[in-house]
Amino acid sequence: MQTALHIYALTRELNDNLIGATFFGTEFYKKEREAYIFFDCADRKLALGLSYHPVGYGAFLITRGKINIDTVEKPWPFFQQADKGIVKSVTQIDLDRLIRIELEKDNTTFYIIVEVIGPNGNLLLLDESEKILATLRHKNYDSSEKYAIPSGGSKLNPFELKPEQLAVSAENEGQVRIDNYLRKNIGGFDDYLVREILMSIKIAPESPAVEIEAGQWASIAERIAKIAAGFNDYNNGILYDTPDGPKAYPFNLISFSGGHHKYKTLSLAIYELIKQTRVIKTEKNEKETILEAVTRLVRKLEKKGQKIEEDIAHSDRFEEYRRAAELLKYNLPHIKKGKKEIELEDIYNSPGSKIKISLDPSLSPAENEELYFRKYRKAKDGLELLERRRGDLVHRRSRASAPRGRAQSVPADRALLRRGSRVPAGRRGG
């Protein structure tokens with residue numbers, strides 16, 4: 001969600017607002033995976049927030065009053081050793097998604113490290129020799145060792161880029177596409193920023209990087225530097241409603257014509273991006289869970305339908321039972337007990353037609369007649385019941401299939417499943 005350039009902008013914002021401020025408290029919401037460090041500035045109280053939720057993460061600076069967490073969870077304090085420390089400096093480490101905040105308290109130096117690395121994000125408190133005193137997460141660390149900077153890979157610095165660097169590096173990439181090459185090799189550039197470069201200088205994204213000419217590399221380097229410089233203006237935030245979810249930048253994207261919303265700072269746009277992403281993805285996960293359950297229900301109903309059709313096929317013999325019963329009744333005086341089968345004239349068919357009827361030799365002719373009448377009544381009643389069940393099943397199957405087509409209306413779908421299967425409750429996305 002945030003690239004190294006977003007963290008560059010945030011670092012500038014922290015520098016302009018926190019130098020000389022007092023660190024006066026923290027709040028950690030473990031279940032929500034959010035943590036806040038509070039600073040008392042000359043005219044207001046600010047909060048540096050870090051979210052490392054799997055579906056909504058990032059870092060931002062907002063006023064304390066704008067924090068909105070929908071939870072009953074009790075927040076926990078952390079890094080109390082540095083409480084009342086004064087901010088002396090804020091730096092970005094190696095143009096990566098890492099920030100170092102220097103604090104001074106009673107002539108003692110502390111460092112807070114903010115690792116804005118997605119779901120693996122973390123906050124660490126270091127002593128003046130940069131040994132770890134405490135961490136928000138991942139408590140297993142060696143306090144005798146210095147903090148080791150996570151490896152972010154080696155990418156070209158967009159602020160110091162030369163066209164020849166791009167050309168030489170591209171020679172080693174083979175036939176890789178130019179858009180993939182730029183995204184992989186330029187620090188802080190994501191899909192949308194790469195698209196900005198290529199659209200502005202009219203280069204097709206699928207063009208092989210090795211075939212880019214010297215003049216084009218110069219244009220690319222110039223455009224990269226201009227986009228990177230745009231992150232100096234953190235007092236401008238634009239949140240874009242992209243097909244890939246919300247994206248935030250400090251400037252207008254010429255390559256995107258969809259909806260967008262403006263915010264006073266890039267941090268505020270990032271904060272809203274995190275909240276929206278968590279809601280969108282939570283709703284999506286809930287919807288997918290329900291649709292999977294609906295699909296299972298439809299399969300179950302289809303199997304039930306097949307069984308009902310088979311039962312109906314068997315129950316459809318009730319007319320045979322009735323005919324056998326009436327033929328036995330008509331011929332009762334001529335039938336003797338003990339026979340397993342009897343052949344009678346079938347008066348319901350063409351003249352001279354014969355029909356064989358199975359008998360229970362242990363029953364009298366009258367009892368065999370009654371047995372067939374009972375089979376007739378049972379089959380007839382059973383067929384009526386099965387047909388009602390079939391009608392109900394067709395209706396339920398139609399209702400169950402509808403959500404798969406429209407992929408919406410989660411509450412209605414949840415109600416539908418109560419009769420057929422259980423669905424895990426949706427998670428709250430606050």
Side-chain angles (χ1 to χ4, degrees), residues 282-332 335 339-351 353-427:
T282 299
E283 289 179 350
K284 181 180 178 182
N285 291 340
E286 180 179 357
K287 195 171 295 181
E288 288 175 350
T289 299
I290 288 177
L291 291 179
E292 286 172 4
V294 168
T295 300
R296 290 194 299 270
L297 175 58
V298 169
R299 293 196 192 105
K300 181 179 178 182
L301 294 177
E302 287 173 348
K303 288 183 179 179
K304 281 187 176 181
Q306 292 172 2
K307 181 66 169 61
I308 288 175
E309 293 299 335
E310 291 172 4
D311 291 343
I312 286 176
H314 286 98
S315 295
D316 214 14
R317 297 180 59 194
F318 73 91
E319 286 296 341
E320 294 178 24
Y321 297 141
R322 181 186 62 80
R323 185 169 59 180
E326 291 181 350
L327 288 173
L328 287 173
K329 182 179 180 180
Y330 182 76
N331 293 281
L332 204 56
I335 302 172
K339 289 189 175 184
K340 292 183 178 180
E341 186 180 77
I342 189 171
E343 187 176 59
L344 299 173
E345 183 181 355
D346 188 356
I347 61 176
Y348 298 101
N349 233 318
S350 57
S353 296
K354 300 287 186 177
I355 184 172
K356 290 182 179 180
I357 301 173
S358 298
L359 300 174
D360 185 340
S362 66
L363 301 178
S364 68
E367 287 172 334
N368 270 295
E369 172 205 335
E370 180 56 33
L371 176 62
Y372 272 101
F373 272 121
R374 285 201 303 271
K375 285 183 176 181
Y376 160 68
R377 289 190 293 269
K378 183 178 180 180
K380 187 172 184 289
D381 293 343
L383 180 61
E384 292 174 353
L385 175 61
L386 287 170
E387 287 176 339
R388 287 198 300 271
R389 288 179 60 194
R390 178 168 61 182
D392 177 63
L393 193 65
V394 168
H395 177 65
R396 290 180 63 198
R397 194 162 54 196
S398 175
R399 288 186 61 207
S401 298
R404 294 193 299 178
R406 67 176 185 269
Q408 58 187 358
S409 188
V410 168
D413 299 344
R414 196 185 286 124
L416 165 68
L417 293 168
R418 291 190 188 120
R419 291 180 61 188
S421 61
R422 294 180 62 83
V423 183
R427 296 175 296 168

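Heads up: numbering here begins at 1 and tracks the sequence.
- Every residue meeting the salt bridge (Lys or Arg N to Asp or Glu O under 4.0 Å) condition with E326, not counting sequence neighbours, appears here in chain and number order: R322.
- To the nearest 0.5 angstrom, K340 atom NZ is 11.0 Å from S362 atom OG.
- Nearest heavy-atom pair across L332 and A366 is CD1-N, 3.6 Å.
- Evaluation of the side chain to side chain contact (heavy atoms under 4.5 Å, CB included) rule for D346 yields R323, L327, Y348, N349, S353, I355 as partners, not counting sequence neighbours.
- Partners of R390 according to the side chain to side chain contact (heavy atoms under 4.5 Å, CB included) rule, which considers only residues two or more places apart in sequence or in another chain, are I308, E309, I312, E387, V394.
- Pairs of residues two or more places apart, or lying in two chains, that qualify as salt bridge (charged side-chain N to carboxylate O under 4.0 Å, His left out) and include a residue from residues 353-374 are E370-R377.
- With a 4.5 Å cut-off on side-chain heavy atoms, L371 and L359 do not count as touching.
- Two residues are said to be in side-chain contact when any heavy atoms from C-beta on lie closer than 4.5 Å; I357 and N368 fail this criterion.
- Taking all atoms of both residues into account, the shortest heavy-atom contact from A325 to Y372 is CB-CB, 3.7 Å.
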